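Data block below; observations after.
All figures in this text were calculated on a predicted structure; none of them were measured in a lab.
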Amino acid sequence: DASEEEILEQPAVKALLIANKIFEEDTKLKRLQGEERYEKRLKKVAPLVDEFFEFIHSIDIKGKDMFETLRKAVVYAMNQEGYLQTFLKDGEIPIDNGHCERYIKYVAKVRKSCLFAYSECGAEAFGRIMSVIWTAIMNGADPFYYVKFILEEWAKLEQNGVKDRKQWFANS
């Protein structure tokens with residue numbers, strides 16, 4: 001039953017609106033090179049980050065009207081303030097770690113798939129091949145051709161009498 005003005009004055013809503021401005025401004029800089037992004041972040045994004053943390057520090061976390069989830073979020077932001085501002089120190093650092101989280105979900109899927117391997121050796125082999133495949137993907141290589149290349153090189157080693165393949169791959 002609150003008015004729009006009352007809703008916009010709620011601490012959680014206010015903090016979220018400031019955070020949205022931060023992400024909106026940083027998104028505009030996404031296509032810039034690191035040094036230029038760094039310079040523009042200092043001018044456009046850093047003041048918003050300062051505004052966010054000034055607001056966070058102004059919230060009375062001991063107040064009776066404070067919800068526990070908001071209290072935890074505010075305390076977390078206060079405790080992690082330095083880490084949450086790391087992206088302002090270098091234009092190459094992304095504002096969030098969403099790209100990492102997207103890759104991690106595949107690791108979790110592989111781990112779950114390994115539960116259904118018929119043996120421990122099978123699970124280990126599956127884990128290794130998935131590691132090779134994701135290494136290719138994360139480095140911009142086509143996994144099919146990457147695995148094909150590795151298997152062809154491995155076969156050449158066999159033909160040339162190389163016994164210690166692990167050592168050869170470690171050195172190449």
Exercise. Quickly, which of R31, R41, R37 forms a salt bridge (Lys or Arg N to Asp or Glu O under 4.0 Å) with D26? Name it, please.
Key: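 The salt bridge (Lys or Arg N to Asp or Glu O under 4.0 Å) with D26 is passed solely by R41 among R31, R41, R37.
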Group every Ile, Leu, Val, Met, Phe, Trp and Tyr by side-chain heavy-atom contacts under 4.5 Å, then state whether [X] and [Y] land in the same group.
| X | Y | answer |
| --- | --- | --- |
| L48 | M78 | yes |
| L151 | I137 | yes |
| V45 | F23 | yes |
| L42 | L32 | no |
| F55 | L88 | yes |

Exercise. Could you walk me through whether I95 and I22 pass the side-chain contact (heavy atoms from CB on, under 4.5 Å) test, one step at a time?
Key: CA-CA 9 Å; I95 190 171; I22 293 168; 3.8 Å; yes
Can you tell me how far the [atom1] atom of [X] sits from the [atom2] atom of [Y], to the nearest 0.5 Å?
| X | Y | atom1 | atom2 | result |
| --- | --- | --- | --- | --- |
| D50 | I18 | CG | CD1 | 11.5 Å |
| T86 | K89 | OG1 | NZ | 5.0 Å |
| K21 | L17 | NZ | CG | 7.5 Å |

Practice problem: Dump the intermediate steps for side-chain contact (heavy atoms from CB on, under 4.5 Å) on D96 and F87, then the final yes or no. | Solution: CA-CA 8 Å; D96 63 19; F87 78 102; over 6 Å; no
Practice problem: Could you go through the salt bridge (charged side-chain N to carboxylate O under 4.0 Å, His left out) check for E68 and R71 one step at a time? | Solution: CA-CA 5 Å; E68 186 60 25; R71 182 184 341 267; 3.1 Å; yes
Exercise. Write down the atom of P143, the atom of A136, and the distance for their closest heavy-atom approach.
Key: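 Closest approach of P143 to A136, heavy atoms only: CA-CB, 3.9 Å.
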Quiz item: What are the two closest heavy atoms between L29 and E25, and how far apart are they?
Solution: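 L29 and E25 have their closest heavy atoms at CG-O, 3.5 Å.
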Quiz item: Does the side-chain contact (heavy atoms from CB on, under 4.5 Å) test come out yes or no for H57 and E81, once each step is laid out?
Solution: CA-CA 10 Å; H57 287 287; E81 184 173 351; 2.7 Å; yes
Quiz item: Do E124 and R128 meet the salt-bridge criterion of a basic N to acidic O distance under 4.0 Å?
Solution: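 Salt bridge flag = yes for E124 with R128.
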Quiz item: Does E153 pair with K156 as a salt bridge, N-O distance under 4.0 Å?
Solution: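 The answer is yes: the pair qualifies as a salt bridge.
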Practice problem: Begin from the C-alpha positions of K62 and M66 and carry the test side-chain contact (heavy atoms from CB on, under 4.5 Å) through to its verdict. | Solution: CA-CA 7 Å; K62 295 179 182 175; M66 179 65 61; over 6 Å; no
Practice problem: Taking the side chain as every heavy atom from C-beta outward, state whether L84 and F53 have any atom pair closer than 4.5 Å. | Solution: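 Side chain of L84 against side chain of F53, heavy atoms only: contact under 4.5 Å found.
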Quiz prompt | Close side-chain approach of Q10 to K14, heavy-atom, < 4.5 Å | solution =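 SC-SC contact between Q10 and K14 ruled out.
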Exercise. Enumerate the residue pairs fulfilling ring pair (Phe, Tyr, Trp, His ring centres under 6.0 Å) with a member in residues 121-153, sequence neighbours excluded, ordered by first and then second residue.
Key: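 Qualifying pairs, neighbours excluded: Y103-W134, Y106-W134.
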Self-check item: Side-chain donor/acceptor of E92 to backbone N/O of G34, under 3.5 Å
Solution: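 A pair under 3.5 Å: yes.
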Practice problem: Give a yes or no on whether the backbone of A77 and the side-chain of Q80 come within a donor-acceptor separation of less than 3.5 Å. | Solution: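 No, Q80 side chain to A77 backbone: no donor-acceptor pair under 3.5 Å.
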Quiz item: Of the options I56, I61, I59, L70, which is the one that meets V75 in a side chain to side chain contact (heavy atoms under 4.5 Å, CB included)?
Solution: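 Only match with V75 under side chain to side chain contact (heavy atoms under 4.5 Å, CB included): I61.
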